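Read the structure below first, then the notes.
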Amino acid sequence: MTTPGSTAEQTETIRLRVNGVTHEVDVPPRRLLSDALRHDLGLTGTHVGCEHGVCGACTILVDGQPTRACLMFAIAAQEYELTTVEGMTRPDGSLGPVQQAFKDCHGLQCGFCTPGFITTIEAGLEENPDPTPEEARDMISGNLCRCTGYQNIVKSVRRAAELKRENPTGEGAGQ
Amino acid sequence: MKPAAFTYQRPTTLTQALAAYAAAPEAKVLAGGQSLIPLMSMRLTSVPELIDINGIEELSHIHVERGQGVRFGAIVRHAQLHAHAEAREVQPLLHAALSHVAHATIRNRGTTVGSIVHADASGEMPMIMSLLGGTLTVASVEGRREITAEDLFIGPLETSLQAGEIAVEAFVPALPARHGVAFDEIARRHGDYALCGVGAIVGLDADGAIEHVRAGYVSVSETPAVVDLTGCFPDGELTEQGLKDAAELALTHLEPEADIHASAEYRAQLARTLTTRVVAAAHADAGARANAEVTA
Ligand SMILES: Cc1cc2nc3c(=O)[nH]c(=O)nc-3n(C[C@H](O)[C@H](O)[C@H](O)COP(=O)(O)OP(=O)(O)OC[C@H]3O[C@@H](n4cnc5c(N)ncnc54)[C@H](O)[C@@H]3O)c2cc1C
Ligand code: FES
Ligand code: FES
């Protein structure tokens, strides 16, 4: 509880490295990383659904590893290289392989869940460049989609793997 | 769904962290945050101060001692331990159970020690600690002590850690010769908390007869439950009747409860089915390992 007249919460100046760019922002320690990205940095590509780790919409890459942005505090994320869906495009700004695959295969409908899938699959394909349909399902098992029924997302994983193999240099992981 | 305000510290040495904790015993330790942050966001716990241990390099070790066991520090992520080939070799049950801890994304951040300290009887790791007889090393400004799994889990989500104590590492013993293990669970979606999970360890004597059988249970008790099932196999042989008896014996030690995901009866049925399945698999694993050890 803040006392009347002192509504301002104590903040700290932190540095976040997102998609290769360093940002300096003032946040209170309780600021979730997902909120810092969206509200403080204006990177609204990272979506927020459940805010307790279940839905996967907020998934970003932390040092290349898929991580829930709603389950980290911004203040604790300063030492890492963060990559959001905004960092998934090719260097020339065109759609990255995973994004392109979702477009090709109708892997999205409303698009709410999509950023979390894109980041998860981007990292998943780095680890396993040629997943079987079974492995593709496993890769996305921590993300929820209420629209597509997942079939086209599984296809998108396989298509993305194809696109990545065809154009390995045009990587979109933002590093 | 936002946490209440707290003050935050990120020490870089254990000594600093222990001093900070001693000065603020009402503080909480932040490891992976994969259990703590949801609780804070849902305001199910209030934390005036957080001591973030993720910057303490000396807690990031995985030491595998052949014939002894696996020792891992407090900021080792589930994913790192899961991927550790040598740790898997020395204690295969650790790897088998870690495959079922949450989704890969959660495992990238959540720590295994944090999971043990969180002491959720629906978590795989507290059960594994109990089943294998692991120990937890905790430190405070007063010094260090080791806590056996038996003395650690004292209630639902409750351990015998005192305020001011930070868990620094956990130890899980190696799989002895002529022993086998298995783990399986049923969840609504792979990576979700199990409706019921079972791990088993079976030891054989030099002639291949069953010497002992123990099983551990996830999500069907308030604290991690381990049941000795050796008595169900009096002739040292794995029989269908023995497996049935084992399942019934196990149930007398469990308290399956109903929630939105499953009825108590369904959970009990899962415990039965999984007991027979997992004990049989652990027995087969023991046989295969014993053979391999002889020919090696
Ligand atoms: C969607 C989702 C699904 C999940 N599914 C599963 C599952 O199926 N099985 C499962 O086992 N877990 C599951 N988890 C929980 C996950 O495994 C957590 O990572 C783990 O339980 C806690 O580890 P942590 O490092 O995140 O700890 P934190 O959340 O940081 O801490 C948990 C508690 O332990 C205390 N603590 C942590 N480390 C220490 C320490 N070194 N010393 C003293 N106190 C400490 C904290 O103060 C806190 O009270 C799930 C989580 C989510 C979000
Ligand atoms: S918003 Fe982070 S997992 Fe749902
Ligand atoms: S496209 Fe609507 S939730 Fe996935």
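Hydrogens, waters and symmetry mates play no part in the numbers below; they use all other heavy atoms, side chains included. On a predicted model such as this, the values are computed, not experimentally measured, just so you know. In the text below, chain A, chain B and the rest are named by the order of the sequence lines, each starting its count at 1.
Taking a cutoff of 4.0 Å between a charged side-chain nitrogen and a carboxylate oxygen, A:E134 and A:R137 do not qualify as a salt bridge. Under the 4.0 Å criterion applied to side-chain N and carboxylate O atoms, A:D35 and A:R30 are not assigned as salt-bridge partners.
For B:A4, the part lying near chain A is the backbone, with the side chain staying farther off; criterion is any non-hydrogen pair under 4.5 Å. For A:L32, the part lying under 4.5 angstrom from a heavy atom of chain B is the side chain only. The contact between A:V54 and chain B is made by backbone and side chain atoms together, counting heavy-atom distances below 4.5 Å. Looking at B:L39, neither its backbone nor its side chain comes within 4.5 Å of chain A, counting heavy atoms on both sides. B:L36 does not touch chain A: none of its heavy atoms, backbone or side chain, sits under 4.5 Å away. Only the side chain of A:E79 has a heavy atom closer than 4.5 Å to any heavy atom of chain B. Both the backbone and the side chain of A:T67 come within less than 4.5 Å of a heavy atom of chain B. In this structure, the portions of A:M72 lying under 4.5 Å from any heavy atom of chain B include both its backbone and its side chain.
In this structure a side-chain-to-backbone donor-acceptor pair under 3.5 Å is missing from A:N143 to A:C55. Checked by atom type and distance alone, the side chain of A:R68 never pairs as donor or acceptor with a backbone atom of A:A57 at under 3.5 Å.
Each of A:P28, A:G53, A:A76 has some count of heavy-atom pairs under 4.5 Å with chain B, and the biggest count is that of A:A76. Note on B:R109, B:M42, B:R107: by heavy-atom pairs under 4.5 Å with chain A, the leading option is B:R109.
Classified by interplanar angle (parallel below 30°, tilted 30° to 60°, perpendicular above 60°), the ring pair A:F117/A:F102 is tilted.
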Stepwise, does the side chain to side chain donor-acceptor pair (under 3.5 Å) test hold for A:T13 with A:D26? CA-CA 4 Å; A:T13 306; A:D26 289 337; 2.6 Å; yes
Is there a side chain to side chain donor-acceptor pair (under 3.5 Å) between B:H78 and B:N108? Walk through the geometry before answering. CA-CA 7 Å; B:H78 294 305; B:N108 284 339; over 6 Å; no
